[in-house]
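Below is one structure, written out as structure tokens; comments come after it.
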Amino acid sequence: MTKWIKAEIKKIKNCKKNLIKIILKAPINKFIAGQFSKILIKNKKNKKNIQRAYSFVNPPSSSKIEFYITLIKKGKMSSELAILNKKSTLFITKNSYGFFTLKEIKPSKILWMFSTGTAIGPYFSILQEQKDTKKFKKIILIHSVRYFSDLKYLNKIKKIQKKYKKKLIILITISREKKENFFHGRITNLFLKKTFEKHTKTKMNKKNSHVMLCGNPNMVKEMFNLLKKHKKMTKNLRSKPGNITRENYW
């Protein structure tokens with residue numbers, strides 16, 4: 001049975017029309033970087049509970065609980081989050097869930113992290129925590145957004161990159177507009193052109209790499225199929241370790 005606890009809302013920041021950052025404080029149990037929690041809000045009009053799952057942006061070692069959330073037009077939870085304030089009542093699960101963690105991945109030479117939009121959140125949690133990152137000699141994070149204005153967490157990306165120095169390479173692609181110093185196009189198309197491999201001078205294959213996919217379900221599905229077809233990679237399972245760890249973000 002799910003155990004819900006009341007969370008104190010410390011900060012709400014509207015990063016963009018459809019993107020908000022929420023910082024909470026609550027006595028939740030220890031989680032593993034990459035996992036997600038559930039948030040519950042009671043609709044004031046019909047008194048019905050609305051709950052959704054969101055990945056932690058903060059590392060487990062942090063005392064604050066942080067989420068980046070994309071607001072969906074006419075979405076039930078999004079409508080509630082759009083009018084949220086510090087006096088609002090919000091609940092969070094005591095425990096956290098999910099297997100999108102480095103603990104579930106065997107050591108390899110290169111770890112590739114692919115994300116779209118706010119699905120970069122779990123990678124922030126993983127990279128800030130740093131636990132288990134020693135299992136990889138090189139980490140390459142590839143993040144895709146539609147427009148440059150969607151990069152409201154660019155400063156956080158730069159801070160994390162400084163911490164890892166040359167071990168971490170971060171590549172950002174913007175799919176719907178061209179911007180200097182950024183890649184342009186969809187992740188899948190750039191993958192097929194081997195743009196990321198050429199730029200980093202790093203070959204991706206099933207012997208030296210593990211790939212994590214998180215974000216838009218279409219991107220995750222397409223990339224998963226492309227990795228199977230072109231790199232002969234397989235899904236990572238506890239019973240049968242593979243090269244691909246995936247998680248849809250909605």
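What's counted below: heavy atoms across the whole structure, side chains too, no hydrogens, waters or symmetry copies. Heads up: numbering here begins at 1 and tracks the sequence.
Side-chain atoms of Thr101 and Gln35 include no donor-acceptor pair closer than 3.5 Å. Side-chain contact of Thr2 with Lys38: a donor-acceptor pair under 3.5 Å is absent, judged by distance alone.
Other residues, nucleotides and ligands contribute only 12 or fewer heavy atoms inside 6.0 Å of the NZ atom of Lys131. The local environment of NZ in Lys94 is crowded, with over 12 non-hydrogen atoms from other residues, nucleotides or ligands closer than 6.0 Å. The environment of Lys103 atom NZ is sparse: at most 12 non-hydrogen atoms of other residues, nucleotides or ligands sit within 6.0 angstrom.
By the 4.5 Å heavy-atom criterion applied to side chains, Thr245 and Leu213 are not counted as neighbours. For the pair Arg186 and Glu222, the minimum side-chain heavy-atom distance is below 4.5 Å. Between Leu127 and Lys163, every side-chain heavy-atom pair lies at or beyond the 4.5 Å cut-off. The closest side-chain heavy-atom distance from Met113 to Ile126 is below 4.5 Å. Residues Phe91 and Lys42 form no side-chain contact, since every pair of their non-hydrogen atoms from C-beta on lies 4.5 Å or further apart. With a 4.5 Å cut-off on side-chain heavy atoms, Leu227 and Asn243 do not count as touching. Side-chain contact between Asn14 and Ile20 is present, with at least one heavy-atom pair separated by less than 4.5 Å. Two residues are said to be in side-chain contact when any heavy atoms from C-beta on lie closer than 4.5 Å; Leu154 and Lys158 meet this criterion.
Ile139 CD1 to Ile160 CD1: the interatomic distance, rounded to the nearest 0.5 Å, is 11.0 Å. How far CD1 of Ile110 is from OG1 of Thr200: 8.0 Å, rounded to the nearest 0.5 Å. Once rounded to the nearest 0.5 Å, the distance linking CG of Leu102 with NZ of Lys134 reads 13.5 Å. Note that OG1 of Thr234 and CD1 of Ile244 are 6.5 Å apart. Values are rounded to the nearest 0.5 Å. From Ile32, atom CD1 reaches atom CD of Glu104 across 7.5 Å, with rounding to the nearest 0.5 Å. Put simply, NZ on Lys235 and NZ on Lys228 are 9.5 Å apart, with the number rounded to the nearest 0.5 Å.
Transitive grouping of hydrophobic side chains (ILVMFWY, heavy atoms separated by less than 4.5 Å) keeps Met233 and Ile105 in distinct clusters. One hydrophobic cluster, built from ILVMFWY side chains closer than 4.5 Å, cannot hold both Ile169 and Tyr164; they sit in different ones. Ile187 and Leu151 end up in different hydrophobic clusters when Ile, Leu, Val, Met, Phe, Trp and Tyr side chains are linked at under 4.5 Å. In terms of hydrophobic clustering, with Ile, Leu, Val, Met, Phe, Trp and Tyr side chains grouped at heavy-atom distances under 4.5 Å, Met212 and Met223 are assigned to different clusters. Leu40 and Leu24 fall into different hydrophobic clusters, where Ile, Leu, Val, Met, Phe, Trp and Tyr are joined by side-chain heavy atoms under 4.5 Å apart, directly or via other members.
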Candidate pair Ile140 and Phe196, rule side chain to side chain contact (heavy atoms under 4.5 Å, CB included), full reasoning: CA-CA 9 Å; Ile140 301 172; Phe196 306 126; 5.8 Å; no

Side chain to side chain contact (heavy atoms under 4.5 Å, CB included) assessment of Tyr54 paired with Ile22: CA-CA 11 Å; Tyr54 299 106; Ile22 300 175; over 6 Å; no

Residues Phe31, Asn58; criterion side chain to side chain contact (heavy atoms under 4.5 Å, CB included); working and verdict: CA-CA 11 Å; Phe31 68 93; Asn58 60 289; 3.7 Å; yes

Evaluation steps, side chain to side chain contact (heavy atoms under 4.5 Å, CB included), between Ile28 and Ile5: CA-CA 8 Å; Ile28 61 172; Ile5 54 174; 3.8 Å; yes

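In terms of modelled atom types and a separation under 3.5 Å, the side chain of Asn248 and the main chain of Val220 share no donor-acceptor contact. Judged purely by atom type and a 3.5 angstrom limit, Lys152 has no side-chain atom pairing as donor or acceptor with the backbone of Leu19. Listed for the His184 side chain is no donor-acceptor partner under 3.5 Å among the backbone atoms of Lys179. With hydrogens and angles ignored, the 3.5 Å screen pairs a side-chain donor or acceptor of Ser88 with a backbone N or O of Asn85. Here the side chain of Thr116 pairs a donor or acceptor atom with the backbone of Asn216 at under 3.5 angstrom. Looking at Gln128, its side chain does come within 3.5 Å of a backbone N or O of Val57 through a donor-acceptor pair. Between the Lys167 side chain and the Thr133 main chain, a donor and an acceptor come within less than 3.5 Å of each other. For Thr93 (side chain) and Trp4 (main-chain N/O), no donor-acceptor pair under 3.5 Å exists by modelled atom type.
Ring orientation note: the planes of Phe182 and Phe148 are nearly perpendicular, at an angle over 60° on the 30°/60° scale.
Nearest approach of Ser96 to Ser37, heavy atoms of both residues: OG-CB, 4.4 Å. Summarising the geometry of Glu247 relative to Ser55, their closest heavy-atom pair is OE2-OG, 3.8 Å, with the distance given to 0.1 Å. His199 and Leu171 get closest at one heavy-atom pair: CD2-CD2, 3.5 Å. Residues Thr89 and Ile41 approach most closely at O-CG2, 4.3 Å, considering heavy atoms. Taking all atoms of both residues into account, the shortest heavy-atom contact from Gly117 to His143 is O-CE1, 2.8 Å. Counting all heavy atoms, side chain and backbone alike, Met219 lies closest to Cys214 at CE-O, 3.6 Å.
Results of the ring-ring contact (aromatic ring centres under 6.0 Å, His included) test with Phe56 over Phe67, Phe36, Phe124, Tyr97 single out Phe67 as the only residue that passes. Shown are Phe100, Tyr68, Phe114; of these, the ring-ring contact (aromatic ring centres under 6.0 Å, His included) with Tyr123 is made only by Phe100. Remark: of the listed residues Ile174, Thr195, Ile172, Ile142, Thr195 is the sole one forming a side chain to side chain contact (heavy atoms under 4.5 Å, CB included) with Phe183.
Not counting sequence neighbours, the partners of Lys10 by the side-chain contact (heavy atoms from CB on, under 4.5 Å) test are Glu8, Ile23, Lys25.
Note on Glu66 versus Lys64: salt bridge recorded, some NZ/NE/NH1/NH2 to OD/OE distance being below 4.0 Å. A salt bridge links Lys231 with Glu197: the distance from a Lys NZ or Arg NE/NH1/NH2 to an Asp or Glu carboxylate oxygen falls below 4.0 Å.
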